[in-house]
Amino acid sequence: MARLAQTAGLTDVQQEILSTVRDFVDKEIIPVATELEHRDEYPQQIVDGLKELGLFGLMIPEEYGGLGESLLTYALCVEEIARGWMSVSGIINTHFIVAYMLKQHGTQEQKEHFLPRMAASDVRGAFSMSEPGLGSDVSAITSKAVKDGEEYVLNGQKMWLTNGGTSSLVAVLVRSDEGHPEGTAPHKSMTTFLVEKEPGFGEVRPGLTIPGKIDKMGYKGVDTTELIMDGLRVPADRVLGGVTGRGFYQMMDGVEVGRVNVAARGCGVAQRAFELGVRYAQQRHTFGKPIAQHQAIQFKLAEMATKVEAAHAMMVNAARKKDSGERNDLEAGMAKYLASEYCKEVVEDAFRIHGGYGFSKEYEIERLYREAPMLLIGEGTAEIQKMIIGRRLLEEYRFQG
């Protein structure tokens with residue numbers, strides 16, 4: 001049989017792109033991922049290789065120098081990359097959320113200014129919603145923008161920026177009360193600003209500081225940071241879309257893309273865990289035969305493979321729904337929820353198959369075991385996904401009594 005998680009109905013171009021990415025992952029990422037991850041080292045050579053492949057422009061329209069591919073193509077590429085090393089897929093994901101938001105909501109001037117340079121990877125994107133005391137309650141944002149002539153002055157502290165240090169463009173969501181009277185719903189008084197900065201740490205432009213990398217349990221290599229704005233001045237023409245008060249909706253649109261991406265990452269990590277588990281089960285002998293011949297292990301492998309297939313199918317469905325132009329928050333929420341939960345379970349089963357060796361840093365499954373938990377919280381926790389799913393189901397199945 002073919003390997004798990006095949007996707008029907010792909011074009012020749014999509015198949016060629018995925019074949020190229022998979023080959024790159026097998027040759028350039030998997031052999032070095034664990035060593036780089038243990039050193040928490042940014043994978044510059046890998047990122048340069050992805051740039052050469054044109055992946056930073058994968059979903060950016062051809063008129064702006066990109067490849068103009070679909071969300072499905074992008075998600076399948078992310079799945080392959082996460083199979084090699086999840087951190088690398090995070091570097092691309094935040095870049096593409098910003099590029100997608102610009103494509104969907106930016107002014108023509110903003111598109112022409114940023115998208116060609118993003119497609120060429122000369123500008124790297126990051127986006128920022130969360131704050132230290134925020135959690136999942138986006139309406140509680142306290143970072144604020146105040147109009148001052150032809151500029152806005154931004155103050156506040158943001159948290160959990162992937163690519164915070166290496167990026168040169170950050171889409172930042174803050175509260176902007178200008179034009180929105182007191183009592184306006186919180187989500188209607190938020191604005192997204194396009195903040196350009198120098199890559200690096202410390203004060204990266206006047207009024208903007210990136211303190212340094214946050215030390216994490218997993219998801220290493222990629223830089224995750226805070227962002228501190230203290231009198232940061234941003235021109236009015238850097239309001240995404242040119243109009244204040246639309247930031248929440250713009251960010252949620254981007255997060256839907258992000259949730260498909262997180263689902264794809266979960267699928268990729270789960271695939272790799274299955275590969276490691278099924279290979280080790282055929283190499284490790286107990287009681288005179290490979291442990292793969294023991295029924296208990298076969299049951300475990302069967303459950304793992306079924307979860308990989310189910311998560312992949314839901315992720316593909318969510319991506320295709322978004323590509324069709326239809327609302328996909330239900331499908332994206334379901335895919336993100338299922339793929340992240342199944343990823344955790346498949347990784348843990350592969351860890352159990354490895355026995356004591358799974359606890360050793362010499363084995364790749366140890367890294368996956370630390371990476372999988374991030375997917376449970378990234379782009380919204382399981383509880384947030386369930387709220388989204390439940391509300392949408394009640395909309396679709398409203399009882400008329």
Side-chain angles (χ1 to χ4, degrees), residues 94 97-102 104-107 110 114 125-164 167 169-197 203-211 214 224-259 329 377-381 383-384 387-388 391:
T94 50
I97 289 178
V98 178
Y100 174 82
M101 290 167 62
L102 274 162
Q104 295 297 107
H105 305 288
T107 64
Q110 289 168 351
F114 289 113
F127 77 104
S128 176
M129 280 196 304
S130 188
E131 296 182 0
L134 192 62
S136 300
D137 185 9
V138 180
S139 67
I141 280 178
T142 59
S143 298
K144 193 168 184 178
V146 177
K147 186 79 179 290
D148 184 18
E150 294 302 311
E151 296 180 316
Y152 286 85
V153 181
L154 277 59
N155 288 282
Q157 183 178 2
K158 309 298 283 186
M159 195 71 175
W160 306 119
L161 277 75
T162 300
N163 285 351
S167 61
L169 173 65
V170 184
V172 182
L173 184 65
V174 300
R175 189 172 303 286
S176 57
D177 295 331
E178 177 235 351
H180 308 288
E182 189 173 344
T184 299
H187 60 279
K188 293 184 178 179
S189 60
M190 295 184 189
T191 298
T192 302
F193 286 87
L194 301 169
V195 178
E196 298 173 86
K197 70 175 187 67
E203 189 173 37
V204 291
R205 65 176 279 182
L208 180 63
T209 299
I210 306 293
I214 298 170
T224 304
T225 73
E226 299 175 68
L227 179 148
I228 300 171
M229 300 173 289
D230 185 9
L232 172 64
R233 289 187 168 271
V234 180
D237 63 3
R238 289 299 176 256
V239 171
L240 180 61
V243 180
T244 62
R246 298 179 180 175
F248 178 82
Y249 306 102
Q250 294 163 346
M251 279 281 180
M252 290 304 104
D253 190 21
V255 165
E256 282 185 15
V257 172
R259 284 178 179 144
D329 53 342
I377 55 176
E379 253 74 309
T381 63
E383 290 71 24
I384 289 295
M387 286 174 58
I388 293 168
R391 288 171 181 170

*So T244 and Y152, side chain to side chain contact (heavy atoms under 4.5 Å, CB included) or not? Walk me through it.*
CA-CA 11 Å; T244 62; Y152 286 85; 3.4 Å; yes

Within a strict 4.5 Å, meaning less than it, do heavy atoms of the [X] and [Y] side chains meet?
{"X": "V172", "Y": "L232", "result": "no"}
{"X": "M229", "Y": "V174", "result": "yes"}
{"X": "K158", "Y": "I141", "result": "yes"}
{"X": "V195", "Y": "R205", "result": "yes"}

Residues which pass side chain to side chain contact (heavy atoms under 4.5 Å, CB included) with [X], listed by chain and number, not counting sequence neighbours:
{"X": "V204", "value": "K197, L208, I210"}
{"X": "E203", "value": "T209"}
{"X": "N155", "value": "V153, D230"}
{"X": "T94", "value": "F127, T162, N163"}

*asked:* Y100: which residues meet the ring-ring contact (aromatic ring centres under 6.0 Å, His included) condition with it, sequence neighbours left out?
replied: none

_Holding to ring-ring contact (aromatic ring centres under 6.0 Å, His included), I want the full list of residues that pass it with F248, two or more places apart in sequence or in another chain._
H187

*How far apart are the closest heavy atoms of G164 and S167, and which atoms are they?*
O-OG, 3.6 Å

_Where G247 and L173 come nearest, the two heavy atoms and their spacing_ = C-CD1, 3.5 Å

*Where the side chain of Q110 meets the backbone of G241, is there a donor-acceptor pair that is under 3.5 Å apart?*
yes

Would you please name every residue forming a side-chain hydrogen bond (donor to acceptor under 3.5 Å, both in side chains) with [X], sequence neighbours left out?
{"X": "S143", "value": "E131"}
{"X": "Q104", "value": "none"}
{"X": "R233", "value": "D148, E151"}
{"X": "K144", "value": "D177"}

*Take M101 and V257 through the test side chain to side chain contact (heavy atoms under 4.5 Å, CB included) and record every step on the way to the result.*
CA-CA 10 Å; M101 290 167 62; V257 172; over 6 Å; no

Hey, could you give me the [atom1]/[atom2] distance between [X] and [Y], rounded to the nearest 0.5 Å?
{"X": "M129", "Y": "L161", "atom1": "CE", "atom2": "CG", "answer": "10.5 Å"}
{"X": "I228", "Y": "L154", "atom1": "CD1", "atom2": "CG", "answer": "14.0 Å"}
{"X": "L169", "Y": "F114", "atom1": "CG", "atom2": "CZ", "answer": "5.0 Å"}
{"X": "M252", "Y": "R259", "atom1": "CE", "atom2": "CZ", "answer": "6.5 Å"}
{"X": "L102", "Y": "Q250", "atom1": "CG", "atom2": "CD", "answer": "9.5 Å"}
{"X": "M159", "Y": "L227", "atom1": "CE", "atom2": "CG", "answer": "11.5 Å"}

*What pairs with D253 under salt bridge (charged side-chain N to carboxylate O under 4.0 Å, His left out), at least two apart in sequence or on another chain?*
K322

*Would you list the pairs meeting salt bridge (charged side-chain N to carboxylate O under 4.0 Å, His left out) in which at least one residue belongs to residues 235-244, sequence neighbours left out?*
E109-R238, E196-R238

_Among L240, T192, I97, the one residue meeting side-chain contact (heavy atoms from CB on, under 4.5 Å) with M251_ = T192

